Enquirer: 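Please read through the structure below; I'll follow up with questions.
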Amino acid sequence: MKNDVTLIDVYYHLGEVYEEQHKFDAAADAFKRCREHQELYKQGKINADMMAYVTIENIGEEKELNSFRHLMFCLANIEGSDVFGEWKKEYRRYSFKNSLGILKNIVLVSMKYSPLADIYDVIRDENNTDKAEAFECFLEDLYYSLKYPGEFVKALSESQSDGDYIRMIKLLAMSDSSQIKAGINSFITDFKWRSGFSEIQYLCIKHSIDNRSILELLNYELMREQISYIYKAHNDLPELIVNNLKVGDYYENIAYVFWLSSLLEAAVFSGNGLGIYSVYFYKVFVSALIIYVTNVYNSALLNDDDVKILPELHRFGYYMALAQNTLDGGDKVGYIRGLKTALVACEFAKDIISSLLDDFMRGI
């Protein structure tokens, strides 16, 4: 049966059986042989006479990808195997997205991170900007998916790579505060902003570094993406915002206000609870939202009849602006009435409104 087309399926299913039994050496050998025969079939160098009588399941691009995925999984489970080297030999045969998905499985199974720096340099050497940036996003997603990312940071920071993502990771590995601040300032001065580098925003907040020069270079999607990542990853972010962020500095232009309101929105609606910081967050969030809404929308065109067409968050900002204007005019009763109107129109924000109302009543 040497070089018979039916061996493609024989070796594939044999590999599956060994894999289920955790006999990864035997499974890897079977999947290698399956892939050898898949390649012979593609090259027309295999006896395909039996295809007139039986259906061969594991031929075609998708099936080749499956056998590659199984082989990489098995090799990742074998101590001492060069699974990352094998991945580098083959990844160009498939879509980059699929290859990265397989690489992530390899990393999570093997718990080895240092080879990623070498792979990063290999991909950068292709001079394909899209692929390099996709790999940076892959590294970011992997970093944020790890419950304990310390080993990831240590492994990549010790590499000789000078790629931008490694440069950022080396900042995370530093312990001296003055060196970290100098490193962050140097990084944000000459960096071309793109996806994959959300952690810099967290570092700026943590070390009280002015990030407004960054915000001027980001679009809506990138701002929201970065905020989403850092909120999910860092439980200490609300406290850092309270202690380190100079909120008043972000009222200068719409880009700053939008970033600030989005940052505070993520905290307020995260569902994680803000504890002793809740009233502070509600107040500064509402203030930022009011500034954003009243500057983005033409007040002459807004009225109570038309405001219902606004996105719910902006509608909330509109009603809170009306209430605040009433309070600024000295009408405390009107302010309370305005909060109640906002509560009826924006039930999704009832916790914020109720908290602000309680805080206001305590101050009377």
Side-chain angles (χ1 to χ4, degrees), residues 120 124 129-130 132-144 149 153 156-157 161-174 176-268 270 281 284-285 287-289 291-292 295-296 313:
Y120 183 28
R124 289 169 58 223
T129 300
D130 290 340
E133 292 183 2
F135 194 76
E136 290 165 347
C137 291
F138 162 80
L139 291 172
E140 174 175 71
D141 182 65
L142 179 61
Y143 168 73
Y144 284 130
V153 172
L156 268 62
S157 66
S161 172
D162 62 352
D164 286 332
Y165 192 83
I166 305 299
R167 289 174 56 212
M168 183 187 73
I169 287 294
K170 289 181 178 180
L171 295 174
L172 296 175
M174 292 179 180
D176 183 82
S177 180
S178 60
Q179 286 186 346
I180 295 172
K181 289 182 178 181
I184 295 171
N185 280 315
S186 174
F187 188 95
I188 65 179
T189 298
D190 61 7
F191 181 65
K192 177 186 175 183
W193 284 97
R194 54 191 184 271
S195 293
F197 295 83
S198 305
E199 196 69 358
I200 283 290
Q201 294 285 18
Y202 171 74
L203 290 175
C204 286
I205 297 170
K206 183 176 181 178
H207 296 282
S208 302
I209 292 173
D210 187 350
N211 69 338
R212 285 174 294 174
S213 63
I214 301 174
L215 304 182
E216 295 172 356
L217 305 174
L218 305 181
N219 58 29
Y220 169 88
E221 290 80 9
L222 197 47
M223 277 193 187
R224 301 284 287 192
E225 174 188 284
Q226 291 180 344
I227 289 170
S228 175
Y229 267 126
I230 62 176
Y231 255 107
K232 290 176 182 177
H234 299 290
N235 293 330
D236 63 342
L237 194 56
E239 183 176 1
L240 292 175
I241 290 172
V242 172
N243 294 329
N244 298 350
L245 198 67
K246 297 178 181 178
V247 172
D249 291 346
Y250 292 85
Y251 292 157
E252 296 177 4
N253 67 38
I254 288 298
Y256 301 165
V257 173
F258 175 75
W259 179 83
L260 178 64
S261 63
S262 297
L263 183 72
L264 299 171
E265 176 193 346
V268 168
S270 67
F281 269 93
V284 293
F285 169 59
S287 296
L289 186 61
I291 293 172
Y292 181 76
N295 279 278
V296 168
L313 193 63

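Scope of the values below: all heavy atoms of this structure, side chains included, with no hydrogens, waters or symmetry mates. Bear in mind that the values here come from a model prediction, so they are computed numbers and not experimental data.
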Enquirer: Would a 4.5 Å heavy-atom cut-off, applied to side chains only, mark H207 and S177 as touching?
Expert: yes
Enquirer: Hey, are Y144 and E199 close enough side-chain-wise for a donor-acceptor pair under 3.5 Å?
Expert: yes
Enquirer: When you compare the side chain of I241 with that of V247, does any pair of heavy atoms fall below 4.5 Å?
Expert: no
Enquirer: Which value, rounded to the nearest 0.5 Å, describes the distance between D162 atom CG and Y120 atom OH?
Expert: 8.5 Å
Enquirer: When you look at Y250 and N211, which way does the side-chain contact (heavy atoms from CB on, under 4.5 Å) test go after all the steps?
Expert: CA-CA 10 Å; Y250 292 85; N211 69 338; 2.6 Å; yes
Enquirer: Return the minimal non-hydrogen interatomic distance between S261 and L289, and the atom names on each side.
Expert: CB-N, 4.4 Å
Enquirer: List the steps and the verdict of side-chain contact (heavy atoms from CB on, under 4.5 Å) for I209 and N185.
Expert: CA-CA 8 Å; I209 292 173; N185 280 315; 3.5 Å; yes
Enquirer: Calculate, to the nearest 0.5 Å, the distance between atoms CG and CH2 belonging to L217 and W193 respectively.
Expert: 8.5 Å
Enquirer: Donor-acceptor pair, N244 side chain versus S208 backbone, under 3.5 Å?
Expert: no
Enquirer: Main chain of F197, side chain of E136: is a donor-acceptor contact present, judged purely on distance under 3.5 Å?
Expert: no
Enquirer: Donor-acceptor pair, Y229 side chain versus G196 backbone, under 3.5 Å?
Expert: no
Enquirer: Find the distance between CG (L222) and CZ (R224) and round it off to the nearest 0.5 Å.
Expert: 12.5 Å
Enquirer: In Å and rounded to the nearest 0.5 Å, what is the CD1 to CD1 distance from I205 to I230?
Expert: 4.5 Å
Enquirer: Is it true that E140 and S198 share a donor-acceptor pair across their side chains at a distance under 3.5 Å?
Expert: yes
Enquirer: Under the side-chain hydrogen bond (donor to acceptor under 3.5 Å, both in side chains) rule, collect the residues that match up with D176, sequence neighbours excluded.
Expert: S178
Enquirer: Run F191 and I214 through side-chain contact (heavy atoms from CB on, under 4.5 Å) and show every step you take.
Expert: CA-CA 9 Å; F191 181 65; I214 301 174; over 6 Å; no
Enquirer: Is the distance between the ring centroids of F135 and Y165 under 6.0 Å?
Expert: no
Enquirer: If you round to the nearest 0.5 Å, how far is CG of N253 from CG of L215?
Expert: 8.5 Å
Enquirer: Please report whether the ring centroid of F285 lies less than 6.0 Å from that of F281.
Expert: no
Enquirer: Please name the pair of heavy atoms, one in I169 and one in S157, separated by the smallest distance, quoted to 0.1 Å.
Expert: CG2-N, 3.9 Å
Enquirer: Where do S262 and I227 come nearest, in terms of heavy atoms and distance?
Expert: CB-CD1, 3.6 Å
Enquirer: Starting at CZ of F187, measure out to OG1 of T189 and round the result to the nearest 0.5 Å.
Expert: 10.5 Å
Enquirer: Taking all atoms of both residues into account, what is the closest heavy-atom pair of I254 and V296, and its distance?
Expert: CD1-CG2, 4.2 Å
Enquirer: Mind telling me whether H234 and Y202 have parallel, tilted or perpendicular rings, with 30° and 60° as the class edges?
Expert: parallel
Enquirer: Please check if the side chain of S270 supplies one atom and the backbone of A267 the other of a donor-acceptor pair under 3.5 Å.
Expert: yes
Enquirer: Taking atom NZ of K170 as the centre, does the number of heavy atoms from other residues, nucleotides or ligands within less than 6.0 Å exceed 12?
Expert: yes
Enquirer: Given the rule in the salt bridge (charged side-chain N to carboxylate O under 4.0 Å, His left out) test, do D164 and R124 qualify, once you have shown the distances and angles that lead to the verdict?
Expert: CA-CA 10 Å; D164 286 332; R124 289 169 58 223; over 6 Å; no
Enquirer: Given 3.5 Å as the limit, does a donor-acceptor pair link the side chain of R212 with the main chain of D249, or not?
Expert: yes
Enquirer: Is there a side-chain contact (heavy atoms from CB on, under 4.5 Å) between L263 and Q201 once you walk through the steps?
Expert: CA-CA 11 Å; L263 183 72; Q201 294 285 18; over 6 Å; no
